[in-house]
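Notes to accompany the following structure.
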Amino acid sequence: MAGAFGFKGCQKIRGPQIRNLLEAKDFFLFDCDGVIWHGEKAITGAAKVVSSLIRQGKNVVFVTNNCTRPRENYVHKFYRLGFTDVMLEQIFSSSYCSALYLRDVVKVRGQVFVMGCDGLRRELQEAGIPCVEEADDPDATIYDCALAPDVKAVLVGHDDKLTFLKLAKASCYLRDPDCLFLATDNDPWHPLSGGRILPGSGSLTAALEVSSGRKATVIGKPSRFMFECISSQFRGVDPAQCLMVGDRLETDMLFGSNCGLDTMLTLTGVSQIEEAQEYRDSELPTKHSLVPDYVVDTIADFLPAFEELEEQSN
């Protein structure tokens, strides 16, 4: 996708270019991890950027594939890190969107077997979706454990308590062709400090796809469904007036491309500009969807543009 101001893909912008972009866009979508914060530390200047956008009358939403906590907990985290303007309605997580998909799109009638953490279960329960309760004996195996009779969907998310028995049960439920196979997201891994990584939901989904012989429907980024959730809850969302800001090419930039949004890569997270340039120069057309329209070092690069806009208005 070409940027709104005629730049070629992967154009690093600053100053007046950012100001023009801020004036042109009405709706800003931000990823969280690597864009807004690192763990329990906010990106320098991020809170001021968010409050400035809201003060300018812009719509701001947060789109995250992190399914480990319910939206209510995200509100607490935003406030704890200094983002005092963020409301529950602005947060779209893959767990929340999965609950909406099950309740409003497929209208599931029966229980959902969850390979995921308590935060994911809580989002489903708040949407009125019953989940299979795990009450197996510690020594139970797939040979002698109980299987729920009315499982209509298997939902895979991040599960730091994954067991072989959970994987085996999910595989059994998915033998029923009428049982839906869903994944909150397909992120393969997440960076940790010290060069370590944490396997993501995508790695668990891949294991279950192999054992079941089926492909999962992915709810979170880069699927369009998360944007459809936003469009259903905010009036007049025009993709041409939106900017997707993220740190991961294969997730955030592809999500923006799939939804017809201009995209911006910030270099405070997973992907770096050299990777984006390789995709831009690739002979494979599919790689071009991973290329951002714009690149900034950090979203704090927005701040001088806000100062200029405020000076103009005074």
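Residue indices begin at 1 and follow the sequence shown. Everything numeric in this text was worked out from a predicted model, so none of it was measured. Every heavy atom of this structure was used, including side-chain atoms; hydrogens, water molecules and symmetry mates were not.
- Under the 30°/60° scheme for interplanar angles, the aromatic rings of Tyr74 and Trp37 are found to lie parallel.
- Using a cut-off of 4.0 Å between Lys/Arg side-chain N and Asp/Glu carboxylate O, Asp262 and Lys25 are scored as salt-bridged.
- Asp159 pairs by the salt bridge (charged side-chain N to carboxylate O under 4.0 Å, His left out) definition with Lys166, not counting sequence neighbours.
- The side-chain hydrogen bond (donor to acceptor under 3.5 Å, both in side chains) test applied to Thr184 returns no partner, not counting sequence neighbours.
- Once rounded to the nearest 0.5 Å, the distance linking OG of Ser98 with CG of Asp185 reads 8.0 Å.
- Of all non-hydrogen atoms in Thr266 and Thr298, the two that sit nearest each other are OG1-CA, 3.3 Å.
- One finds no salt bridge joining Lys287 and Glu278 here, because no Lys/Arg side-chain nitrogen approaches an Asp/Glu carboxylate oxygen to under 4.0 Å.
- Using a 4.0 Å cut-off between charged nitrogen and carboxylate oxygen, Asp178 and Lys152 do not count as a salt-bridge pair.
- Among residue pairs with one or both ends in residues 83-111, none qualify as salt bridge (Lys or Arg N to Asp or Glu O under 4.0 Å); sequence neighbours excluded.
- The shortest heavy-atom contact between Asp33 and Asp247 is O-OD1, 3.3 Å.
- The two atoms that bring Ser282 and His288 nearest to each other are O-NE2, 2.8 Å, heavy atoms only.
- Residue pairs meeting the ring pair (Phe, Tyr, Trp, His ring centres under 6.0 Å) criterion with at least one partner in residues 140-199, sequence neighbours excluded, are Phe113-Tyr173.
- Pro70 and Glu123 get closest at one heavy-atom pair: CA-OE2, 3.3 Å.
- Asp187 CG to Ser203 OG: the interatomic distance, rounded to the nearest 0.5 Å, is 10.0 Å.
- Distance check, rounded to the nearest 0.5 Å: CD1 of Ile273 to CG of Leu249 gives 10.0 Å.
- Screening Asp31, Thr251, Asn258 for a side-chain hydrogen bond (donor to acceptor under 3.5 Å, both in side chains) involving Lys221 leaves a single residue, Asp31.
- Between the SG atom of Cys131 and the CG atom of Leu124 there is a distance of 4.5 Å, given to the nearest 0.5 Å.
- Partners of Ser93 under the side-chain hydrogen bond (donor to acceptor under 3.5 Å, both in side chains) rule, at least two apart in sequence or in another chain, are Ser95.
- Between the CD1 atom in Ile219 and the CD atom in Glu228 there is a gap of 10.0 Å [rounded to 0.5 Å].
- For the salt bridge (charged side-chain N to carboxylate O under 4.0 Å, His left out) test, residues two or more places apart in sequence or in another chain that qualify with Lys12 are Asp297.
- The two residues Ala42 and Leu81 come nearest to each other via the heavy atoms CB-O, 3.9 Å.
- Taken from SG in Cys32 to CZ in Phe92, the straight-line distance is 12.0 Å, to the nearest 0.5 Å.
- Between Phe28 and Phe302, the angle of the ring planes goes over 60°, which puts this pair in the perpendicular group of the 30/60° scheme.
- For Lys48, the NZ atom counts as loosely surrounded, since its 6.0 Å shell holds 12 or fewer non-hydrogen atoms of other residues, nucleotides or ligands.
- Across all their heavy atoms, Asn186 and Pro222 have their closest contact at OD1-CD, 3.7 Å.
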